[in-house]
Amino acid sequence: MDNSDYARFIHDLFEFNDCEPISNTSRRFNMSEVRPRSLKRKRKLLVEVLLFCLMPNHFHLLVKQKQNNGVIDFMKKLGTGYAMYFNQKYERVGPLFQGRFKAVLVNQDAHFLHLPYYIHLNPLDLSVPEWREGNIKNLKKALKFLESYRWSSHLDYLGVKNFPSVTSREFLLDFFGGHKEYERKINEWLKDI
């Protein structure tokens, strides 16, 4: 509904990614808060969040499971915790998300190679929806929009500290060849579609 809801979801991506139960997340999350509470103690991650993108009515995650049932446990905690926050804030009841989350095992190189672009380019639906048909009239405008869209790990992959504590970027940055190569490849990918 607003920026504080996006910020809270990102906070929850970090906070609920822990084998230990989270005792109380009912307090309002302050966007200027630099260090979430969980940084004060050693955490045992359920998943590595490789990248993410939040959209007005859905979200995308690329995660690597760290524990048995890590993805399932993480998604339960995230879905339940965020729904509780949202329902309390907007004085509503009931489920927030429709049905179970959709998980796809990435076991083919072609699928893996496509996912970072697909996830990080999703916000273009908000300003340049024709990108999906490969019909970008103004590439500069599309790239500028992506650089202004805060609710994704894209900026962190560009080397701009946005929400660096949420994602584990080493693997993909190594794969891309660093921040500058990631930026070059995103630009190239958009030009080629």
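Looking only at side-chain heavy atoms (C-beta outward), Glu130 and Val128 come within less than 4.5 Å of each other. Contact check for Val63 versus Val71: side-chain heavy atoms found under the 4.5 Å cut-off. In this structure, the side chains of Leu96 and Tyr82 come closer than 4.5 Å at one or more pairs of heavy atoms. Between Leu78 and Phe101, the closest side-chain pair of non-hydrogen atoms is not below 4.5 Å. Within the 4.5 Å cutoff, the side chain of Ser153 has no heavy atoms near those of the Val166 side chain.
For Phe9 and Phe59, the gap between ring centers is short of 6.0 Å. Not less than 6.0 angstrom separates the ring centroid of Phe52 from the ring centroid of His154. Taking the ring centroids of His114 and Trp189, they lie under the 6.0 Å cut-off.
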For residues 104-112, please give each side-chain donor-acceptor pair under 3.5 Å, one per line with the distance, not counting sequence neighbours.
none

Name each donor-acceptor pair under 3.5 Å that joins a side chain in residues 168-181 to protein atoms two or more places apart or in another chain, with its distance.
{"residue": "Arg169", "atom": "NH1", "partner": "Pro164", "partner atom": "O", "Å": "3.0"}
{"residue": "Arg169", "atom": "NH1", "partner": "Thr167", "partner atom": "O", "Å": "3.4"}
{"residue": "Arg169", "atom": "NH1", "partner": "Thr167", "partner atom": "OG1", "Å": "2.7"}
{"residue": "His179", "atom": "ND1", "partner": "Tyr157", "partner atom": "O", "Å": "2.9"}
{"residue": "His179", "atom": "ND1", "partner": "Gly159", "partner atom": "N", "Å": "3.3"}
{"residue": "Glu181", "atom": "OE1", "partner": "Arg184", "partner atom": "NE", "Å": "3.2"}
{"residue": "Glu181", "atom": "OE1", "partner": "Arg184", "partner atom": "NH2", "Å": "2.9"}
{"residue": "Glu181", "atom": "OE2", "partner": "Arg184", "partner atom": "NE", "Å": "3.0"}

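Leu121 and Leu126 end up in the same hydrophobic cluster when Ile, Leu, Val, Met, Phe, Trp and Tyr side chains are linked at under 4.5 Å. Residues Val160 and Leu54 share a single hydrophobic cluster, defined by chaining ILVMFWY side chains whose heavy atoms lie under 4.5 Å apart. By the criterion of side-chain heavy atoms lying less than 4.5 angstrom apart, applied directly or through intervening Ile, Leu, Val, Met, Phe, Trp or Tyr residues, Val93 is not grouped with Tyr85; the two fall into different hydrophobic clusters. A single hydrophobic cluster is seen to contain both Leu115 and Leu113, as judged by linkage of ILVMFWY side chains at heavy-atom distances under 4.5 Å, directly or through other members.
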| request: Kindly determine whether Leu13 and Leu61 satisfy side chain to side chain contact (heavy atoms under 4.5 Å, CB included), including the steps that lead there. | output: CA-CA 10 Å; Leu13 282 174; Leu61 303 173; 3.7 Å; yes

| message | Using side chain to side chain contact (heavy atoms under 4.5 Å, CB included), reason through Tyr149 and Lys144 one step at a time and then give a plain yes or no. | response | CA-CA 9 Å; Tyr149 192 77; Lys144 188 172 177 126; over 6 Å; no

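Partners of Ser152 under the side chain to side chain donor-acceptor pair (under 3.5 Å) rule, at least two apart in sequence or in another chain, do not exist in this structure. Remark: Asn122 pairs with Cys53, Met55, His58, His60, Tyr118, Asp125, Arg132 by the side-chain contact (heavy atoms from CB on, under 4.5 Å) rule, at least two apart or across chains. For Tyr6, the side chain to side chain donor-acceptor pair (under 3.5 Å) test picks out no residue, with sequence neighbours left out.
Checking side-chain atoms of Arg43 against main-chain N and O of Cys19 turns up no donor-acceptor pair under 3.5 Å. Proximity of a side-chain donor or acceptor of Asp5 to a complementary backbone N or O of Met1 within less than 3.5 Å is detected. Asn17 places no side-chain N or O within donor-acceptor distance of the main-chain N or O of Leu45, the cut-off being under 3.5 Å.
The shortest non-hydrogen separation linking Ile136 to Leu190 is CD1-CD2, 3.3 Å. When all heavy atoms of Pro129 and Ser127 are compared, the pair lying nearest together is CD-C, 3.5 Å. Here the closest heavy-atom approach between residue Pro95 and residue Arg92 is recorded as O-NH2, 3.3 Å. The shortest non-hydrogen separation linking Ala142 to Leu124 is O-CD2, 3.5 Å.
Taking CG of Leu155 as the reference point, atom CZ of Phe163 lies at 9.0 Å (rounded to 0.5 Å). Interatomic distance, CE of Met84 versus CG of Asp12, reported as 11.0 Å (0.5 Å rounding). Atom CD of Glu188 sits about 7.5 Å away from atom OH of Tyr117, to the nearest 0.5 Å. Put simply, CG on Asn162 and CD on Glu147 are 12.0 Å apart, with the number rounded to the nearest 0.5 Å. The structure places CG of Leu146 at 7.5 Å from CD1 of Ile186, a figure rounded to the nearest 0.5 Å.
Checked for salt-bridge contact, Lys42 and Asp18 miss the test: no charged N lies under 4.0 Å from a carboxylate O.
Applying the side-chain hydrogen bond (donor to acceptor under 3.5 Å, both in side chains) test to every pair with at least one member in residues 62-80, sequence neighbours left out, gives these pairs: Glu48-Lys66.
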